[in-house]
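Each remark here refers to the structure printed beneath this line.
Remember, predicted model here, so these are calculated numbers, not experimental data. Each ligand, and each atom within it, is numbered from 1 in the order the structure gives.
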Amino acid sequence: EKQQPNIIILFIDDLGYNDLGYRSSSFETPNIDKLAAEGIDFTNAYVPSPTSSPSRVALLTGRHPIKVGFTRHIEANALDPYNNGEFGLWDGDPGEKPSRQHLPLQEVTFAEALKKEGYTTCSIGKWHLGLGDKSGMQDWNAPLPTALGDLGFDYSYIMAATADRVPCVFIENGKVANYDPSAPIEVSYQKPFPGEPLGKDHPELLYNMKHSHGHDMAIVNGIGRIGYMKGGGKALWKDENIADSITAHAIDFIDKYKNQPFFLYFATNDVHVPRFPHERFRGKNKMGVRGDAIAQFDWTVGQIIAALDERGLRENTLIILSSDNGPVVDDGYDDHAEELLNGHSPAGPFRGNKYSAFEGGTAVPAIVSWPKEIPGSQISDALVSQIDWFASMAALINAKLPKGSAPDSQNRLNTWLGKDQTDRPWIIEESSTMSVRTKNWKYIEPNDGPAMITWGPKVETGNLKTPQLYDMRVREYEKENLADQHPEIVYEMQNILRRVRK
Ligand code: NG6
Ligand code: CA
């Protein structure tokens, strides 16, 4: 009987196209380099959105984030998942519809599809998709909504949002891990708790890291966060141990389910802010903590692969390694990442960064390795999107998908397995505006927003009041707007968007 492959997604946060040892001389990533050498390195891989939540929505549901209602990325002064609104997050424009902040439980997820075929499924690390079907109502001292269970995950060990957001505790299968009854947890994204010191008033308490913008509310582990929090006691995480903790839980999961096919969705905090890697990764590269966080992630990758090797599972495990959005250098903490870049360009040849409609926001590293079926040392230039992982992996294991599930996910398995290099005819990118990318062209829809982010990071948004069209065959990517010269291509690209919207 054919044994279905284990499937692991190693999902790093905010890693840029160029943030790999084998693409840059500024630092080393030996474990990732080895993984790429043992599989396929995709050079034209895209996320559907240049920020975390919408990007993950597309991965897990195979649906354009805009259709799920996750229309906007997270902005500095936005409300957060746990406020009292049905939809909590919005980019500040009063005329604009706020974005949803929890994954609707009726969505059929990637995990659910695999679970139906006998896979044991697991989510470890950053979640950032809300918990339950309401926001802001959670009682962190009682069992939480079994959201991830309803979304097809048998086991979960997660941070509810991000490491720079409260609550700073891990949640294991719907309960705060290491819950400390002597320190009940309260969380608010609206009002501070009387008596709890805030980063903005108490810089002397920020002994581990100061903020550069935002992140001046609750103080946990000497680091300011987004949102207010009280309590937690011994359940509070120590940022320097996050990578160790999620890695250990992933290896436990692998060990426990080694005799049956499993799906591991493993999402790190690295290299998202706050970048506070363990001591043992510090100071070994020229880039400061951002480089150290990449080294920590590389170590994590090595540990997980070694765990597979030791159990004889590596051959028949399909590993996908990628990032949820493009890179950002200063994302709100004074970690000297900018001055220490030393010439390294995280987004490589691309314009823009995380949050941007330009390619730097959505072009990401993507590696696929499955020793049993995929010969190593391959490079694929095919245009691919993460939104297709769902349908492609479902096809791989002959999963029968419930009607209407993953409607925007295409089965491009042969491309993902390196059997062909067929480009996706087009991909959609959702930022502060909408873009369409084909192999040769990039179209960015007109948008009234500012050209630069106004609330902190020094990032070009890609907004312009008139249509933008760029020839992606030109190495100076997204420099010369050709919309006026090629109205017929603009029209074609707009038609793709029109069809998707319909
Ligand atoms: C922004 C945060 C940024 C980061 C981002 C989400 C501020 C000033 N900035 O609002 O630090 O958390 O949201 O990043 O609050 S993501 O990768 O999870 O989408
Ligand atoms: Ca991210």
Side-chain angles (χ1 to χ4, degrees), residues 9-17 19 46-59 65 70-83 88-92 99 101 103 125-130 158-166 168 189 198-200 209-218 223-228 239 267-276 289-290 293-294 297 322-335 337-338 346-347 352-356 360-365 386 430-432 453-459 461:
I9 298 180
L10 299 175
F11 214 44
I12 179 165
D13 205 337
D14 298 357
L15 191 82
Y17 180 85
D19 280 329
Y46 286 83
V47 286
S49 170
T51 38
S52 161
S53 302
S55 172
R56 288 158 205 256
V57 164
L59 190 173
F70 273 88
T71 50
R72 292 295 166 207
H73 59 256
I74 296 161
E75 305 256 16
N77 53 359
L79 303 174
D80 245 74
Y82 310 108
N83 72 10
L89 201 69
W90 149 63
D91 71 1
S99 169
Q101 270 305 287
L103 194 51
K126 173 169 169 178
W127 178 242
H128 211 195
L129 294 170
I158 56 163
M159 350 168 97
T162 58
D164 57 345
R165 286 174 172 73
V166 299
C168 301
Y189 274 86
L198 302 181
K200 70 178 168 62
M209 200 181 284
K210 305 223 181 318
H211 49 270
S212 56
H213 57 263
H215 306 106
D216 59 358
M217 295 164 240
I223 299 175
R225 316 278 167 166
I226 306 170
Y228 306 104
D239 301 72
T268 65
N269 170 58
D270 294 323
V271 299
H272 195 281
V273 295
R275 303 177 186 118
F276 202 73
V289 282
R290 188 166 185 278
I294 295 176
F297 175 72
S322 194
S323 177
D324 71 331
N325 51 249
V328 58
V329 185
D330 177 355
D331 206 13
Y333 289 94
D334 185 17
D335 60 9
E338 212 147 292
N353 274 348
K354 175 181 179 179
Y355 308 116
S356 177
T362 46
V364 289
Q386 287 180 2
E430 304 178 23
S431 54
S432 50
I453 288 182
T454 51
W455 45 267
K458 292 188 208 76
V459 173
T461 58

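No hydrogens or angles considered: a donor-acceptor pair under 3.5 Å links the side chains of His215 and Asp164. For the 3.5 Å distance criterion, the side chains of Asn325 and Ser55 fail to qualify, holding no donor opposite an acceptor.
Asp13 has its closest N, O or S atom to the Ca ion (ligand 2) at the position named OD1. Closest N/O/S atom of Asp324 to the Ca ion (ligand 2): OD2.
For the salt bridge (Lys or Arg N to Asp or Glu O under 4.0 Å) with Lys354, the qualifying choice from Asp324, Asp14, Asp330 is Asp14, the only one to do so.
Every atom of ligand 1 is numbered from 1 in the order shown, and the set under 4.0 Å from a heavy atom of Val273 is 11 (O). Distances below 4.0 Å separate heavy atoms of Asp164 from the following atoms of ligand 1: 3 (C), 4 (C), 11 (O), 12 (O). Under a 4.0 Å criterion applied to the non-hydrogen atoms of Asp13, ligand 1 contributes the atoms 17 (O). In summary, the atoms of ligand 1 found under 4.0 Å from a heavy atom of Lys126, numbered by their order in the structure, are 16 (S), 17 (O), 18 (O). Each of the following atoms of ligand 1 lies closer than 4.0 Å to a heavy atom of Asn325: 17 (O). Annotation for ligand 1: atoms under 4.0 Å from non-hydrogen atoms of His128 are 18 (O). Residue contact check: Thr162 has heavy atoms under 4.0 Å from atoms 18 (O) of ligand 1. If you number the atoms of ligand 1 from 1 as listed, the ones under 4.0 Å from a heavy atom of His213 come out as 8 (C).
Counting heavy atoms from C-beta on, the side chains of Pro365 and Asp19 never come closer than 4.5 Å. The closest side-chain heavy-atom distance from Tyr355 to Asp331 is below 4.5 Å. At least one side-chain heavy atom of Pro274 sits under 4.5 Å from a side-chain heavy atom of Arg225. Contact check for Lys126 versus Ser52: side-chain heavy atoms found under the 4.5 Å cut-off. For the pair Met217 and Ile226, the minimum side-chain heavy-atom distance is below 4.5 Å. For the pair Val166 and Tyr228, the minimum side-chain heavy-atom distance is 4.5 Å or more. When side chains are defined from C-beta on, Leu15 counts as touching Ile294, because their heavy atoms get closer than 4.5 Å.
By the criterion of a heavy-atom distance under 4.0 Å, the side chain of Tyr355, and not its backbone, is placed next to ligand 1. Of the heavy atoms in Asp331, both backbone and side-chain atoms come closer than 4.0 Å to ligand 1. When heavy-atom distances to ligand 1 are checked against a 4.0 Å cut-off, Lys354 comes that close only through its side chain, counted from C-beta outward.
Taking only non-hydrogen atoms, the option from Ser52, Ser49, Pro54 nearest to atom 19 (O) of ligand 1 is Ser52.
Considering backbone and side-chain N/O atoms, Asp14 comes within less than 3.5 Å of an N/O atom of ligand 1.
Within the 4.0 Å heavy-atom cutoff, Arg165 counts among the residues contacting ligand 1. For Gly214, the heavy-atom gap to ligand 1 drops under 4.0 angstrom.
Here OG of Ser53 is found 10.0 Å from CG of Leu103. Values are rounded to the nearest 0.5 Å.
Contact annotation: Thr162 places no N, O or S atom under 3.0 Å from the Ca ion (ligand 2).
Draw a line from the Ca ion (ligand 2) to OD1 of Asp14 and another to OD1 of Asn325, and the angle between them is 100° (to 10°).
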Notebook entry, point to check: Would Leu59 and Phe11 satisfy side chain to side chain contact (heavy atoms under 4.5 Å, CB included), going step by step from the backbone distance to the final call?
Noted result: CA-CA 11 Å; Leu59 190 173; Phe11 214 44; 3.4 Å; yes
